[in-house]
Amino acid sequence: MAFPESTSLNLRLEAITPAGPRIKMFRFAATQGEALPPATPGAHLDIEVAPGLVRQYSLVEIDPTGTCYTIAVLRQQQGRGGSMALHDQAKIGAIYKTSAPRNNFPLSATPGESVLFGGGIGVTPLLPMYRALKARGETPHLFYWARTVEDFLYQEELAQDPAVRLLVTTSPSVPRLADLIPQFPAGAHLYCCGPEAMLNAFTDATTGRPAALLHIERFAPTAPTTAEVNTPFTVVLRRSGRTLEIPANKSILEVCLDEGIDAEYSCEEGVCGACQVTVLEGEVAHRDSVAPAAAHDREHTMTICCSRAARSTLVLDL
Ligand code: FES
């Protein structure tokens, strides 16, 4: 995995702050103090945490001066190595290669009731979203589950807020998503980020609600289903004026890179959204975690690192 040089940033690690028994905050700043690309609530950075190891981390704060980005990282011994690299090897002053902020989990621009559900470190993108909704004059609700009281980020601030419920998962009779979601009207925007089991519970508990009002953020690739069989297909790149044959054993992205076509990418596993393109014609078999298939189809988008044509041909704005 790597970043295209043309779109990456070099940022200095400016501060490391413990924020719980297994959580640290990392603040990255521009090397010369210059303004950074703007970030919006819900955005994440792709960070090369060790050579060749790129991971996605949501911004836990939106810096009003636009000169730094802050992430919160849970040290996961059984994880995929990114959090261990940051917790155990990061040194203040080190330079990290990152993407510009990218937002696959934006707030709806339409005012209305919003309910945010965060599980563990998955609360990270929801915190700036919650603050932004309040700054817009709205009255959002935030439900935040953690294993112990010490695991809550910004515990002192959040505990004072009557619209926030801090829920310790080991407490008897802690409410579950299935108990809470029916309490909110069908017209409410519901946002969820947390472990896979929580996202699955959210999907189950929101069955029948309008898909456009359901917002999920995932940072781990979803397991492929046995129904996913790769077959060859044709891709027409409208802007490049090229037609490519995609064999069963390669992605559209791989063929584009083989052919010297300039395509943006980062994770290559369907989680970061860097390779998302506009679909002009054709039906897509979506296989990423960036957005639900219905949302991709509504927006005419697809990720070319893992999604494929559902039929013989796709026409892309690339
Ligand atoms: S490169 Fe990350 S979703 Fe495709």
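Here, residue 1 is the first one in the sequence, and each next residue gets the next number. Bear in mind the structure is a predicted one, so any value in this text is a computation, not a measurement.
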Does any N or O in the side chain of Thr278 come within less than 3.5 Å of the main-chain N or O of Asp317, such that one atom is a donor and the other an acceptor?
no

Judged by modelled atom types alone, do Asn200 and Thr203 share a side-chain donor-acceptor pair under 3.5 Å?
no

Less than 4.5 Å apart, any side-chain heavy atom of Arg209 and any of Leu214?
yes

Write down the atom of Ala39, the atom of Ile62, and the distance for their closest heavy-atom approach.
O-CG2, 3.8 Å

Are Tyr57 and Met25 co-members of a hydrophobic cluster defined by side-chain heavy atoms under 4.5 Å apart?
no

Would you indicate whether the side-chain heavy atoms of Glu196 and Arg218 approach each other to under 4.5 Å?
yes

Is there a side-chain contact (heavy atoms from CB on, under 4.5 Å) between Phe28 and Leu36 once you walk through the steps?
CA-CA 11 Å; Phe28 297 88; Leu36 293 169; over 6 Å; no

Minimum side-chain heavy-atom gap Ser108-Tyr191 below 4.5 Å:
yes

In terms of hydrophobic clustering (I, L, V, M, F, W, Y; side-chain heavy atoms under 4.5 Å; direct or indirect links), are Leu213 and Leu107 co-clustered?
no

Does a donor on one side chain and an acceptor on the other come within less than 3.5 Å for Thr234 and Glu245?
yes

Greater than 12 external heavy atoms within 6.0 Å of Glu34's CD
yes

Can you classify the ring geometry of His296 versus His286 as parallel (below 30°), tilted (30 to 60°) or perpendicular (above 60°)?
parallel

Apply salt bridge (charged side-chain N to carboxylate O under 4.0 Å, His left out) to residues Glu157 and Arg131 and explain how you reach the verdict.
CA-CA 11 Å; Glu157 171 195 333; Arg131 294 186 192 111; 3.6 Å; yes

Main-chain N/O of Ile121 paired to Thr124 side chain as donor or acceptor, under 3.5 Å
yes

Kindly check if the number of other-residue, nucleotide or ligand heavy atoms within 6.0 Å of CZ (Arg311) is above 12?
no

Checking Phe184 against His141 for the ring pair (Phe, Tyr, Trp, His ring centres under 6.0 Å) test, could you report, in this order, the C-alpha distance in whole Å, the side-chain angles of both residues, the deciding distance, and whether it holds?
CA-CA 10 Å; Phe184 294 97; His141 305 268; 5.1 Å; yes

Nearest heavy-atom contact between Lys97 and Ser8 is CG-CB, 3.8 Å

Do the side chains of Asp46 and Thr98 get nearer than 4.5 Å, heavy atoms only?
no

Student check: side-chain heavy atoms of Cys275 and Cys305 closer than 4.5 Å
yes

In plain terms, say whether Glu269 and Arg80 are close enough for a salt bridge, that is, a side-chain N and a carboxylate O under 4.0 Å apart.
yes

Side-chain contact test, heavy atoms from C-beta onward, threshold under 4.5 Å: evaluate it for Asp63 versus Tyr69 and give yes or no.
no

Where Pro162 and Gln160 come nearest, the two heavy atoms and their spacing:
CD-O, 3.4 Å

For Arg308 and Glu283: C-alpha separation, side-chain torsions, deciding distance, then whether salt bridge (charged side-chain N to carboxylate O under 4.0 Å, His left out) applies.
CA-CA 9 Å; Arg308 303 181 68 83; Glu283 197 179 322; over 6 Å; no

Could you see if Leu116 belongs to whatever hydrophobic cluster contains Leu127? Use Ile, Leu, Val, Met, Phe, Trp, Tyr and a side-chain cutoff under 4.5 Å.
yes

salt_bridge(Arg238, Glu281) N-O dist < 4.0 Å:
yes

If you take all heavy atoms of Cys272 and Asn104, which pair is closest and at what distance?
O-ND2, 2.8 Å

Indicate yes or no: does Asp258 engage Lys250 in a salt bridge with an N to O separation below 4.0 Å.
yes

Tell me whether Arg136 is salt-bridged to Glu138, with the criterion being a basic N under 4.0 Å from an acidic carboxylate O.
yes

Is the backbone of Leu280 close enough, under 3.5 Å, to the side chain of His300 for a donor and an acceptor to pair up by distance?
no

